[in-house]
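Contents: one structure, followed by commentary.
This is a predicted model, so every value here is computed, not measured. Reckoned from all heavy atoms, side chains included, excluding hydrogens, waters and symmetry mates. Labels below follow one simple rule: chain letters A, B, ... track the order of the sequence lines, proteins then strands, and each chain is numbered from 1.
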Amino acid sequence: MNKASNKTPEIDESRTSNFIEHLIDADREAGKIAGPVHTRFPPEPNGFLHIGHAKSICLNFGLARKYGGLCNLRFDDTNPVKEEVRYVESIKEDVKWLGFDWGDREFYASDYFETLYEYAVQLIRKGKAYVDDLSPDQIREYRGTLSEPGRESPCRNRSIEENLDLFARMRAGEFKEGDRVLRARIDMSSGNLNLRDPVMYRIFKAHHHRTEDRWCIYPMYDWAHGQSDAIEGITHSICTLEFEDHRPLYDWFLDQLGIHHPRQIEFARLNLSYTVLSKRKLLQLVQENRVDGWDDPRMPTISGLRRRGYTPESIRDFCDRIGVAKANSTVDIALLEHCLREDLNRSAPRVMAVLDPLRIVIENYPEGQVEEMEGENNPEDPAAGSRKISFTRELYIEREDFMEDPPKKFFRLAPGREVRLKHAYIIKCETVVKDESTGEVVELRCTYDPATRSGEADGRKVKGTLHWVSAEHAVNAEVRLYDHLFTTANPGDEKENPDFTMALNAESLKILTNCKLEPSLKGTRPGDRFQFLRMGYFSVDLESAPERPIFNRAVTLRDTWARIVKKEGA
RNA sequence: UGGGGCGUGGCGAAGUGGUCUAACGCACCGGAUUCUGAUUCCGGCACUCCUAGGUUCGAAUCCUAGCGCCCCAGCCA
């Protein structure tokens, strides 16, 4: 039930095309690309993927699909001190789960270390790269500032022979970390700081998750990325805005090497309201235990969204709808939620679950009698069929569905008032039983109208319909209610929030341990998704066990009543 | 005069000189239907496209000048 569809994502013809597609169209018309369009998704395995990466994944794989080309999965694993295999595993799982297939094209920048090394030697031979002995601090100092040019390193004019020798000795492990680097020899006075002799290789005596201890010099991203794309024959290298300044550097490398030139196109990364999408901040939340790991259902990570109950379809739909452009923007998280509701509305079975139970006794209903009521599983999908639900004298209803002294617009249960119990009868609240000492309502004594059984013609209409569960048949469960992780729309904005953790929502998780579910929910498995009638969409949590079911609220239903209360009660 | 980008409704985003008193989606505001206050449906929501000039019969789209916002000074990616 609710298994992720294995179908490959379809192309939505109604979607308007984005500027990247216009550029690719132009390239093809101009005959600039020989074969099919070839893209790649290039994550660094130093953290878990989040919804922002989903945008990039959908874009890159989507472009390949649209143009009948291919998209590679390539790990940019050039920094061994930050990368781990568990991250590559999680990334592969997430991309797969999202519904994309990279076939046998699973690559690693580390696959190209030897080639990259040879390329570097070529640049040294051309006098376009040199080994620098400056310390990190000195290099920074020599780089100049945004408005002043830099100065050339004393090592800049070393002989080719000396550079070749030194570089080989760097590789051989003769120097300590930080002692020497290989730099491109470009222009220390360039207005573009990336061209002020950028570092190509640094020394790390670190264990790499793939190349193990074979290397002690590692290429910088800027040196590895463009060449990796070239090696793979990427036609269109899609990346985010901050790399726009790096494009001239990539072009320079490629020109010096005289190899294939992918076209780089930059787009604006995703920002989402009420959450953060920076790997650094997400890592911090995990490390400081502000959340329960990378897959905490409040996290905007793919694994968090999955655990929360999001479907891959809804995430892909979201990525389609937000569009692709160059203007920085923040998408309202309500759109993501809308996409999930829309998907689950048509696919999730309806069930009844009482989260905060209030006992009611139907005084004129025979003790011991059980009636099997018919309940449709999904009004949006007749093929989903129906199920039997036991109706008895003692039931649970939602505590918030009763008010002793209700406002005029409240059309749920109140003393003397009638409501329909979904799939069952119309009942009337006769008396309210309270705890003598606390005044708390502990039970409602009601009567039912036998002539109003669900499905049978009845002339009577009541304003409200409530969900309920037979007390005798109820399954106990834990339900976790999630809300936005942050209380402000832009928690990641450093000017608004110097310390983004101050904006953490203290009420982002509420655990309810006394929930009553209808018995059909007994055999569920982690990942199964349901609509709890009138309450929202819920999914079975990873930690759920048959004897201790746990449900996560993925998203609430639209709630007009809550809005009225908020508007009038404020 | 450091370099590179971006500015269309509350939020995204189409639009590439005439059909723009500007598509579409989200949000929001009505109203209809409803045994989920859900869904669905119907209607509303920019005389205006950062501003000011200019070109043109005609500009969100072209030109000029301003203004605002974002990115870059990691041996991170």
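If you take atom C1' in C63(B) and the same atom in G44(B), they sit 39 Å apart, rounded to whole Å. Distance check on atom P: A27(B) versus U61(B) gives 31 Å, rounded to whole Å. With both ends at atom C1', the span from A52(B) to C57(B) equals 23 Å, rounded to whole Å. The separation of U55(B) from C70(B), taken at their P atoms, amounts to 35 Å, rounded to a whole angstrom. Annotation: G9(B) and C47(B) have their P atoms spaced 11 Å apart (nearest Å). To the nearest whole angstrom, the two C1' atoms, one in A13(B) and one in C24(B), are 8 Å apart. When the C1' atom is used for both G53(B) and U16(B), the distance is 23 Å, rounded to whole Å. One C1' atom belongs to A77(B), the other to C6(B), and the distance between them is 23 Å to the nearest Å.
Here Lys567(A) reaches the OP1 or OP2 of G30(B): one of its side-chain N or O atoms lies under 4.0 Å away. At the phosphate of U36(B), neither OP1 nor OP2 sits under 4.0 Å from any side-chain N or O atom of His467(A). Contact check, Thr78(A) against A77(B): a side-chain N or O comes under 4.0 Å of OP1 or OP2. The shortest distance between the side-chain N/O atoms of Arg534(A) and the OP1/OP2 oxygens of G37(B) is below 4.0 Å. Between Ser329(A) and A13(B) there is a side-chain N or O to OP1 or OP2 distance below 4.0 Å. Under 4.0 angstrom from either OP1 or OP2 of A38(B) there lies at least one side-chain N or O belonging to Thr560(A). An OP1 or OP2 oxygen of G74(B) is reached within less than 4.0 angstrom by a side-chain nitrogen or oxygen of Arg143(A). Between Lys55(A) and G12(B) there is no side-chain N or O to OP1 or OP2 distance below 4.0 Å. Taking side-chain N and O atoms only, Arg321(A) has no distance below 4.0 Å to OP1 or OP2 of C24(B). Look at Arg202(A) and you'll find a side-chain N or O under 4.0 angstrom from OP1 or OP2 of C76(B).
The pair Glu398(A)-Arg412(A) fails the salt-bridge criterion, with no side-chain N (NZ, NE, NH1 or NH2) lying under 4.0 Å from an Asp/Glu carboxylate O. No salt bridge links Arg185(A) with Asp197(A); every basic N to acidic carboxylate O contact stays at or beyond 4.0 Å. Salt-bridge annotation for Asp245(A) and Arg247(A): absent, with no side-chain N of the basic residue lying under 4.0 Å from a carboxylate O of the acidic one.
Side chain of Leu335(A), nearest nucleotide from G25(B), U16(B), C71(B): G25(B). In the set A73(B), U39(B), G12(B), G12(B) carries the atom at the smallest distance from any side-chain atom of Val331(A). When each of A14(B), G37(B), A77(B) is scored by its nearest atom to the side-chain atoms of Asn18(A), the top-ranked nucleotide is A14(B). Side-chain proximity of Glu242(A) to the nucleotides U36(B), G3(B), A77(B) is greatest for A77(B). The side chain of Arg350(A) lies closest to U36(B) when the candidates are G37(B), U36(B), A27(B). Proximity note for Ala325(A) (side chain, C-beta onward) versus C70(B), A77(B), A13(B): the nearest is A13(B). Distance from the side chain of Ala327(A) is smallest for C6(B) among the nucleotides C26(B), C6(B), U39(B). Taking every side-chain heavy atom of Met220(A) into account, G74(B) is the closest of C71(B), G74(B), G2(B). When the nucleotides C76(B), G12(B), A73(B) are ranked by their closest atom to the side chain of Leu193(A), A73(B) comes out on top.
Met535(A) comes within contact range of no nucleotide atom at all, as no heavy-atom separation falls under 4.0 Å. Looking at heavy-atom distances under 4.0 Å, Val81(A) makes no contact with the nucleic acid at all. At a threshold of 4.0 angstrom between heavy atoms, the contacts of Tyr425(A) with the nucleic acid are absent. Residue contacts shown for Val181(A) include a base, since a base heavy atom lies under 4.0 Å away.
Judged by distance alone, the side chain of Asn378(A) and the main-chain N or O of Arg346(A) form a donor-acceptor pair under 3.5 Å.
Protein atom CG of Leu146(A) is 10 Å distant from nucleotide atom P of C72(B), rounded to whole Å. When rounded to the nearest whole Å, the span between CG of Leu270(A) and P of A13(B) equals 10 Å. A straight line from CG of Leu277(A) to C1' of A77(B) spans 16 Å, rounded to a whole angstrom. If you take CG of Asp137(A) and C1' of G74(B), they are 12 Å apart, rounded to a whole angstrom. Rounded to a whole Å, the NE2 atom of His22(A) is 9 Å from the C1' atom of G15(B). The distance between atom CD of Glu342(A) and atom P of U40(B), rounded to the nearest whole Å, is 7 Å. We find that CD of Glu244(A) is positioned 19 Å from P of C69(B), with the value rounded to whole Å. Taking atom CZ of residue Phe267(A) and atom P of nucleotide A13(B), one finds them 12 Å apart after rounding to whole Å.
For Ser237(A), the side chain to side chain donor-acceptor pair (under 3.5 Å) partners at least two apart in sequence or on another chain are Arg40(A), Asp229(A).
A donor-acceptor contact under 3.5 Å is not formed by the side chain of Glu380(A) with the base of U40(B). In terms of polar N and O atoms assigned as donor or acceptor, the side chain of Arg563(A) never comes within less than 3.5 Å of the base of G37(B) in a complementary pairing. Contact annotation: side chain of Asp245(A) to base of G3(B), donor-acceptor pair present below 3.5 Å.
Of the residues listed (Val354(A), Ile360(A), Leu358(A), Asp356(A)), the one engaging Tyr396(A) in a side-chain contact (heavy atoms from CB on, under 4.5 Å) is Val354(A), and it is the only one.
Mapping Asp222(A) and Arg140(A) onto RNA chain B by nearest heavy atom places Arg140(A) closer to the 5' end of the strand. Projected onto RNA chain B by closest heavy-atom contact, Pro379(A) and Lys326(A) fall at different nucleotides, the more 5' of which corresponds to Lys326(A).
Between Tyr117(A) and Trp215(A), the ring planes are tilted. Angles from 30° to 60° get that label. Ring planes of Trp294(A) and Phe48(A): parallel class, angle under 30° (limits at 30 and 60°). Ring geometry for His246(A) against Phe243(A) counts as perpendicular: the plane angle is over 60°, on a 0 to 90° scale with 30° as the lower cut.
Of all nucleotides present, only A32(B) satisfies the Watson-Crick or G-U wobble test against U40(B), with each distance under 3.5 Å. A 3.5 Å limit on both hydrogen-bonding distances identifies G68(B) as the Watson-Crick or G-U partner of C6(B). Under the Watson-Crick or G-U wobble criterion, with both distances below 3.5 Å, C62(B) is paired with G54(B). A 3.5 Å limit on both hydrogen-bonding distances identifies no Watson-Crick or G-U partner for U16(B).
Nucleotide C47(B) is shown with a syn base, its glycosidic torsion being within 90° of 0. For G74(B), the base adopts the syn conformation, since its glycosidic angle falls within 90 degrees of zero.
Judged purely by distance below 3.5 Å, without hydrogens or angles, the side chains of Glu342(A) and Ser314(A) never pair a donor atom with an acceptor atom.
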